[in-house]
Amino acid sequence: MDTADLAPRTVTVNGRSYRFPRQPTIAVCIDGSEPGYIEAAIAAGLAPTFQRLMRDGANLQALSVIPSFTNPNNISIITGAPPSVHGIAGNYFFDPASGQEVMMNDARFLRAPTIMETFAAAGAKVAVVTAKDKLRALLGHGLDMRSGRAIAFSSERADAATFAENGIDHVLDFVGQPLPDVYSAALSEFVFAAGVKLLARHRPDLMYLSTTDYVQHKAGPGSPEANAFYAMIDRYLGELDAAGAVLAITADHGMNDKHRSDGSPDVIYLQDWFDARLGKNRARVILPITDPYVKHHGALGSFATVYLPPGAAAADILAALSLMEGIALAIPREAACREFALPPDRIGDLVVISTRQKVLGTSLARHDLSGLAGPLRSHGGLTEQTVPMIVNRKVAVPPGRTLRNFDVFDVALNLVS
Ligand SMILES: [Zn+2]
């Protein structure tokens, strides 16, 4: 019997109903896919599939979650909800309960079920492939691998995948590619190659493919390296499309140059600024971009949150920050959580966002920029919020609705014709 005969007609996750897929439905997150990359690859004649999908399907744009970082946006996509619901407001945060600064890539920080686990529990076959392992535990959270209906693994640790942990083993043989280096375009290519194989062999009802922005951090739209990367993606998308899947492609955030004309990073060192104003280490500046992959960005992005010492004059501090060149926005926690749908208990007293070309640091002495591969390109702010939403079907967006990137499953399951 076809499992679709037994399946419910809709599945509700975090207050939103999704139609049960009638054909394999794939959401793709191209990490750091600033608008312009795809268009430049098309203009160079390297992306015929993108060109066809954008012409015959839907070529839309969407807004990412703020902070425009990888984890909050991937988790918003997999839950269909903003950080106020799922709790993941950065890659990194300060936990006031323990007094520790910690990585937020542990599933214990996740406060909402994922679309994947809910569909799997309702009888769907699901698969998740991510480039970096830092996301795999969160994106695959709640999946019952023993059900035989769920698969979740990363390119980074594909060699270590086990049936008990990932719902699949011998992944390198299955995909037919060697284990890629974590700092490589091949890490993302592995995701797509795995997606094509999974679609052919497992025919999941619902699949999520999420790449890494190694290339976008290094190379701007239209550069030879970026064009080659998008040409690679284009070939795999062509295969997924030809296999009959519904494909919806978005990004977790955009990407911009964040350096001066001499190539040095254009940084406002906020911890130094607060130390000069309030005394050493009295305020605590948290950069939620912080992760172990420092070669990408040196922990420099356009979003920071700040914990103030008791009695600090927050209004005066915000007024001074707002006047500073390179600061786009400096607001208190309540306003930031309202504006950007963030969880108040994981945000400091202040939120600070820099302008397009600037990034926010802690202290000059605390950033090791020696590992940066080239002039800094990064993200995190309002200027990296616009991302593509490209679908290989026509899409009916209700009038007046602003699409978010975390609507990608809503678009693929509910809004396609
Ligand atoms: Zn990202």
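Quick caveat, the model's predicted, so the values are computed rather than measured. Every number for a ligand or one of its atoms is a count from 1 in the order of the listing.
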Visitor: Quick check on the Zn ion (ligand 1): does His379 put an N/O/S atom closer than 2.8 Å to it?
Guide: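 For His379, the answer is no, given that no N, O or S atom comes within less than 2.8 Å of the Zn ion (ligand 1).
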
Visitor: Over 60° means perpendicular and under 30° means parallel, so classify the ring planes of Phe190 and Phe153, tilted if in between.
Guide: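 Perpendicular.
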
Visitor: Do the two ring centres, one from Phe69 and one from His379, sit under 6.0 Å apart?
Guide: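 For Phe69 and His379, the ring centres are under 6.0 Å apart.
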
Visitor: Between Thr212 and the Zn ion (ligand 1), is there a contact where an N/O/S atom of the residue lies under 2.8 Å from the metal?
Guide: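 Of the N, O and S atoms in Thr212, none lies under 2.8 Å from the Zn ion (ligand 1), which means no.
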
Visitor: Over 60° means perpendicular and under 30° means parallel, so tell me whether Phe20 and Phe119 are parallel, tilted or perpendicular.
Guide: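 Geometry flag for Phe119 against Phe20: tilted rings.
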
Visitor: What is the NE2(His253)-the Zn ion (ligand 1)-OD2(Asp31) angle, to the nearest 10 degrees?
Guide: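 With the Zn ion (ligand 1) as the vertex, NE2 (His253) and OD2 (Asp31) sit 150° apart.
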
Visitor: How open is the angle at the Zn ion (ligand 1) from atom OD2 of Asp252 over to atom OG1 of Thr70, rounded to 10 degrees?
Guide: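 It is 100°, given to the nearest 10°.
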
Visitor: Without hydrogens or angle criteria, can the side chains of Thr250 and Asn405 be said to hold a donor-acceptor pair below 3.5 Å?
Guide: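 Looking only at side-chain atoms, Asn405 and Thr250 do not form any donor-acceptor pair under 3.5 Å.
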
